[in-house]
Engineer: 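Submitted below is the structure of interest, expressed as structure tokens.
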Amino acid sequence: MSASPALLKLDEVTKVYHMGDVDVHALQGVSLEIPEGEFIAIMGASGSGKSTLMNIIGCLDRPSGGHYLLAGEEISTFDRYALARKRNQTLGFVFQNFNLLSRTSAVENVELPLLYAGLRTSERHKRAGAALTRVGLGDRLDHHPNQMSGGQQQRVAIARAIVSNPRVILADEPTGNLDSETSGEVMGIFQELRESGITVVLVTHEPDISAYAARVVTMKDGRVLSDRRQEPRRRAPAAAAEVSA
Amino acid sequence: MNILQTLRVAVLALLRNKLRSFLTTLGIIIGVSAVIAMVAIGEGAKARVEESFASMGSNLLVVLPGSTSLGGQRGGFGSMPTLTWDDLRAIRTEVPTVKYAAAQLRVSAQLLSEEQNWNTSVYGTTPEYFAVRNWPPSLGAPMTDSDVESGAKVLFLGQTVVDKLFGPNTDPVGQLVRMKNIPFEVKGVLQRKGQSPTGQDYDDAAFMPLKAFQTKIQGGLQQYIAGVIYVGADSPTTTTRAQQQITNLLRDRHHIGPGTDDDFSIRNLTELASAQEQGTRTLTTLLASIAAVSLLVGGIGIMNIMLVSVTERTREIGVRMAVGANPTHILSQFLVEALTLSIAGGVFGVAIGLFGAGRLAANFGWPVLIRADIIVISVAFSGLVGVVFGLYPARKASLLDPIDALRFE
Ligand SMILES: Nc1ncnc2c1ncn2[C@@H]1O[C@H](COP(=O)(O)OP(=O)(O)OP(=O)(O)O)[C@@H](O)[C@H]1O
Ligand SMILES: [Mg+2]
């Protein structure tokens with residue numbers, strides 16, 4: 001797997017936040033290569049720069065220094081429009097707090113990326129329905145977020161992240177608001193996605209969760225502390241079947 | 001994302017806060033409905049004024065005799081007869097732009113029918129007078145030259161006089177009406193003409209041929225005209241020229257040297273009508289400024305609510321950006337929302353304005369004149385207000401940083 005060319009390549013990436021007179025060095029030179037199809041977990045203490053790194057990888061933010069290549073393209077120089085296009089087509093984001101639009105049905109939430117991609121209504125509906133079915137919510141298309149459990153909401157968010165067939169899924173503490181049973185279900189979905197060839201980058205505090213990844217990067221004070229490979233934990237087949245039921 | 005999809009998102013967002021959206025558009029609704037109502041009413045009033053000027057007579061000039069000037073006391077126009085019958089003939093024959101000219105003499109007199117009596121203005125005049133004033137009979141016959149020459153004792157009654165002396169919907173032609181104990185035969189009834197611009201009833205009048213008036217009512221023929229001359233010019237465009245030519249003619253005939261005041265005056269009713277129109281135009285300008293102020297206030301209301309909306313929905317904006325919305329998508333979403341609000345306000349305003357104008361006009365008995373151009377301008381202007389005042393909040397939304405927006409509490 002390490003032989004394939006890197007889909008994500010960070011080279012001495014730094015990020016400095018200016019807070020009045022104080023400069024906060026959130027990233028102090030992170031170099032990382034992530035090949036296509038990898039399932040990688042990023043761990044580290046609070047404030048170590050995990051979310052900052054995810055935002056840069058996810059094209060929500062630009063690095064202060066260094067280089068970031070996404071599928072061979074230098075992102076540091078992209079303008080807001082080009083970044084938006086990357087977020088729309090190459091990347092999918094899953095947040096800790098789901099970030100679904102309230103008073104908007106599951107299927108409409110999932111259609112959102114396709115709306116900005118300029119797809120026709122019928123095509124959007126078809127693909128959003130398929131994405132929801134893939135995360136086991138084919139029967140909940142018209143439910144609103146406030147009618148769903150946390151695990152179901154996170155699955156809607158995952159459906160939204162995968163609906164435009166991105167190459168990378170970025171999940172910043174996706175199980176932070178879920179109990180361990182539901183967390184296991186969500187991780188099962190991520191493993192399925194990885195198996196279908198999508199690169200998954202996951203931030204977590206919990207070793208239980210990082211156990212699902214094949215590679216664990218640990219950060220400290222804006223730097224990579226360790227980078228190791230492991231045999232990923234497999235989700236029990238019975239429970240996985242329950243998810244897709 | 002095409003415009004229909006953007007519009008759908010905007011409408012859904014607005015419908016989520018129905019009451020707030022409605023209250024926001026209220027300023028625009030009031031502004032536009034006021035404009036629509038007042039323009040419709042103003043046009044109705046203007047049409048009525050034009051109608052009443054038209055009913056006075058077309059291309060009309062009235063020549064009044066001069067003022068007395070005894071011992072420094074000046075009596076005002078009409079207080080001294082200075083116009084002669086020769087002047088009238090000269091106006092008729094020597095001024096090329098004059099089509100008709102007729103003297104009008106007046107007394108106030110009591111008229112008696114078999115059953116009733118009525119005090120009205122009785123005028124002595126010639127057939128041209130009715131041509132100048134566009135005033136044909138509705139019953140009986142018009143006045144003829146032979147009526148004048150023979151000194152026939154005949155009367156032509158206005159509709160109000162007929163109503164008072166004989167009752168409504170009666171045909172008095174051939175009946176006798178006494179005046180100063182002299183019997184006159186009713187030869188014609190004049191068409192109803194309505195009110196003058198000042199509210200005077202044109203139909204409360206009776207007319208008799210000039211010669212009979214001079215011999216039976218005023219007593220004896222005179223050199224001077226004890227009344228006024230009505231002049232009809234060729235066309236509206238020659239009215240002012242005719243006025244100038246008559247002035248020159250009369251000054252010449254009355255041997256008035258340069259630097260001396262006229263001993264007569266000429267009223268140009270076309271000018272009066274355009275003065276009235278000028279007044280209407282001033283009113284329209286005033287209404288336009290009222291409209292501008294209310295639309296400004298409405299626009300500020302929209303800006304205010306859109307700013308609130310952008311703040312409330314900062315997270316939503318962040319989510320949209322995270323899934324691929326670019327600054328233009330966000331800008332157009334909020335701009336279309338402001339535009340939808342303001343145009344909906346404009347359309348509501350037009351509906352309410354038309355309804356209100358209809359009700360008011362029905363009360364006053366005026367015609368309602370709906371001007372399509374004003375409706376289009378009002379709605380378009382509302383839209384412009386929406387764009388102008390929606391632009392700042394929309395721009396603010398589009399410039400949000402995706403991460404800041406997502407973190408916003
Ligand atoms: N917008 C910001 N402005 C200023 N400083 C920031 C900003 N975002 C992050 N930081 C700082 O950058 C550092 C890294 O923050 P980051 O959110 O990446 O940490 P994290 O590893 O995700 O922590 P956690 O596990 O608590 O989520 C912290 O010191 C934080 O205070
Ligand atoms: Mg974090």
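The chains referred to below are lettered A, B, ... by the order of the sequence lines, with proteins before strands, and numbering in each begins at 1.
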Engineer: Atom CD1 in I56(A), atom CD1 in I403(B): separation rounded to 0.5 Å?
Structural biologist: 8.0 Å
Engineer: Below 4.5 Å from any heavy atom of chain B, which atoms of L91(A) appear? Answer side chain, backbone, both or neither.
Structural biologist: neither
Engineer: For residues A325(B) and A84(A), report the shortest heavy-atom separation together with the two atoms involved.
Structural biologist: O-CB, 3.7 Å
Engineer: So which residues of residues 101-114 of chain A are in contact with chain B at a heavy-atom cut-off of under 4.5 Å?
Structural biologist: L101(A), S102(A), R103(A), T104(A), E108(A), L112(A), P113(A)
Engineer: What are the two closest non-hydrogen atoms of R80(A) and L400(B), and how far apart are they?
Structural biologist: NH2-O, 3.2 Å
Engineer: Could you tell me which portion of R16(B) (side chain, backbone, both or neither) has an atom closer than 4.5 angstrom to a non-hydrogen atom of chain A?
Structural biologist: both
Engineer: For N88(A) and G324(B), which heavy atoms make the closest approach, and how far apart are they?
Structural biologist: CB-CA, 3.6 Å
Engineer: Just by modelled atom types, is the Y116(A) backbone N or O under 3.5 Å from a matching donor or acceptor in the R320(B) side chain?
Structural biologist: no
Engineer: Does S76(A) have any side-chain contact (heavy atoms from CB on, under 4.5 Å) partners at least two apart in sequence or in another chain, and if so, which?
Structural biologist: P63(A), E74(A)
Engineer: Considering all heavy atoms of both residues, which atom of Q5(B) and which atom of T121(A) are nearest to each other, and what is their separation?
Structural biologist: NE2-OG1, 4.4 Å
Engineer: Count the heavy-atom pairs under 4.5 Å between each of L100(A), L119(A), N97(A), L83(A) and chain B, then report the option with the highest count.
Structural biologist: N97(A)
Engineer: Is F78(A) atom CZ crowded by more than 12 heavy atoms from other residues, nucleotides or ligands, each under 6.0 Å away?
Structural biologist: yes
Engineer: Do N99(A) and R315(B) pair up side chain to side chain, a donor and an acceptor below 3.5 Å, judged on atom types alone?
Structural biologist: yes
Engineer: Within a 6.0 Å radius of atom CZ on R120(A), are there more than 12 heavy atoms belonging to other residues, nucleotides or ligands?
Structural biologist: no
Engineer: So for atom CZ, which belongs to F348(B), do other residues, nucleotides or ligands contribute more than 12 heavy atoms lying within a distance under 6.0 Å?
Structural biologist: no
Engineer: Can you list the steps and then say if F95(A) with V319(B) is a side chain to side chain contact (heavy atoms under 4.5 Å, CB included)?
Structural biologist: CA-CA 10 Å; F95(A) 303 92; V319(B) 171; 5.7 Å; no
Engineer: So with a 6.0 Å cut-off around NE2 of H125(A), is the heavy-atom count from everything else above 12?
Structural biologist: no
Engineer: Are there over 12 heavy-atom neighbours, none belonging to Y17(A), within less than 6.0 Å of that residue's OH?
Structural biologist: yes
Engineer: Which atom pair, heavy atoms only, marks the closest approach of L60(A) to A322(B)?
Structural biologist: CD2-CA, 3.9 Å
